[in-house]
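These notes are about the structure you will find just below.
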There are 2 protein chains.
Amino acid sequence: MPLSLDNRLADRTRWKAERCSITLVLEVLSTKASFMVLRESFYGTSKFDDFVMRTGASAPTVSRSLRHLESAGVLARTPYRDEGSRPRDEYRLTAAGEDLLPVVFSLVQWGDAHLQGGAPPLAFVHRDSGEPVRVGVSAGEVFNLTSRDIEVRWSGPRLP
Amino acid sequence: MPLSLDNRLADRTRWKAERCSITLVLEVLSTKASFMVLRESFYGTSKFDDFVMRTGASAPTVSRSLRHLESAGVLARTPYRDEGSRPRDEYRLTAAGEDLLPVVFSLVQWGDAHLQGGAPPLAFVHRDSGEPVRVGVSAGEVFNLTSRDIEVRWSGPRLP
DNA sequence: CCGTATCCTGATAGATACTG
DNA sequence: CAGTATCTATCAGGATACGG
């Protein structure tokens, strides 16, 4: 069932190609690698090699994605230093990046529902109540959870 | 702020590359054209040439995307016939496709908030109450809307 | 270990031309 | 008008090699 869209809009050809937010967002996020890196950022990954290992992408691809997301203001690169090691960079979500949680979560949710055979490997629950957490559409002020309120649990049969 | 992820998971390298839903979903949706076509489906577009005009993509690209989304179970192709014309095909969201509303909407919402200069061109409101509609994350049984409950309004200064 | 430059291959989009 | 096949250009991704 489609959204109820003003007929005048539907008739105006190509307006969306230039103005629609999706077009703009896809300039930032359309590559698979960028989505993977973003997903890992939400899972807490912040170091270069961890991104490489956990996304399964090559190092150059990760490097490009990190720079691209950084220049888009989704990730921020900050120097850090472990005891006794030389300084490194770490990559953390910015506030704007945090706001992408519904995007990542809704992708996961849809895949869990329609692509995974059987139980999804990860479960997202509210940290305080333990209730399952969902992403969805609603009117009014009902959405107050951020990624820090959410805990991810392994719900599969075993770790691979 | 990252999600709270079980350490055992974070240590298991590459498990997500094969199992994570995002990887699977991106096989279906990762191309820009697929996102565009999907977006138009939610806006009510169902005819081939309308997809071409409104996405701004070329006909072969639209053709490929339609077939790809169809084979993924997101769109269904059904024959129809206008009065006095030969039969055609139309492309409609399946139930699984409908479930992608949070994905599309959250992308639009993020772009509106972070990429559009000033007011976003489209406003999504609850059809009954007129309240603005948002996509977000919450726990428990929150009132969830489907695309048929939502009305899209042009809120820009003028139609292009 | 951290990260990038280079080069090469494969995926993706557009132009063109064609069929019903 | 409603699509699709073919061909080509472009872009994302991996292999390799290299510097910090």
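Here the structure is a predicted model, which is why all the values come from computation and not from measurement. Each chain gets a letter, A, B and so on, in the order its sequence line appears, and its residues count up from 1.
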| task | Could you tell me whether Y91(B) contacts a base, only the sugar-phosphate backbone, or nothing, with contacts defined as non-hydrogen atoms closer than 4.0 Å? | result | sugar-phosphate
| query | Looking at the side chain of P60(B), which of dA15(D), dT6(D), dA2(D) is the nearest nucleotide? | reply | dT6(D)
| query | Quick check: does any side chain N or O of T94(A) sit under 3.5 Å from a backbone N or O of V74(A), one acting as donor and the other as acceptor? | reply | yes
| request: Rounded off to whole Å, could you give me the NE2-to-P distance for the H68(A) and dG13(D) pair? | output: 11 Å
| query | Hey, are D50(B) and T45(B) close enough side-chain-wise for a donor-acceptor pair under 3.5 Å? | reply | no
| said: Would you say T146(A) and E98(A) are linked by a side-chain donor-acceptor pair, where the criterion is simply a distance under 3.5 Å? | reply: no
| Most 5' of F48(A) and K32(A) on DNA chain C, judged by nearest nucleotide | F48(A)
| task | Using chain B heavy atoms and a threshold of under 4.0 Å, write down where along DNA chain C the contacts begin and end, 5' to 3'. | result | dT12(C) to dG20(C)
| Does the dG13(D) base have a donor-acceptor partner in the side chain of R64(A) within less than 3.5 Å? | yes
| field | Interatomic spacing from CZ in R64(B) to OG1 in T31(B) - rounded to 0.5 Å | value | 9.5 Å
| query | For the pair made of OH in Y80(B) and P in dC1(D), what is the distance, rounded to whole Å? | reply | 12 Å
| task | Let me know, please, whether D49(B) or R67(B) comes out on the 5' side of the other along DNA chain D by nearest nucleotide. | result | D49(B)
| task | Convert the base pairs of DNA chain D into dot-bracket notation, remembering that pairs crossing earlier ones are written with [ ] and that bases paired across to another strand are shown as |; include only Watson-Crick or G-U pairs under 3.5 Å. | result | ||||||||||||||||||.|
| request: Find the distance between CG (D89(A)) and CZ (R81(A)) and round it off to the nearest 0.5 Å. | output: 12.0 Å
| Is the phosphate of dA2(D), meaning OP1 or OP2, less than 4.0 Å from a side-chain N or O of R81(B)? | no
| query | With a 4.0 Å cut-off on heavy atoms, is K47(B) in touch with a base, just the backbone sugar-phosphate, or nothing at all? | reply | nothing
| Got a second to check how far F143(A)'s CZ is from R134(B)'s CZ, nearest 0.5 Å? | 9.0 Å
| query | Is any side-chain heavy atom of H126(B) less than 4.5 Å from a side-chain heavy atom of L145(B)? | reply | yes
| Is the shortest side-chain N/O distance from S58(A) to OP1 or OP2 of dG14(D) below 4.0 Å? | yes
| Where each residue is assigned the nucleotide of DNA chain C containing its nearest heavy atom, which of S65(B) and A59(B) is assigned the position nearer the 5′ end? | S65(B)
| Derivation of the side chain to side chain contact (heavy atoms under 4.5 Å, CB included) call for F105(A) and S147(A) | CA-CA 10 Å; F105(A) 194 1; S147(A) 54; over 6 Å; no
| task | For E90(B) and R77(B), indicate whether the former's side chain and the latter's backbone hold a donor-acceptor pair under 3.5 Å. | result | no
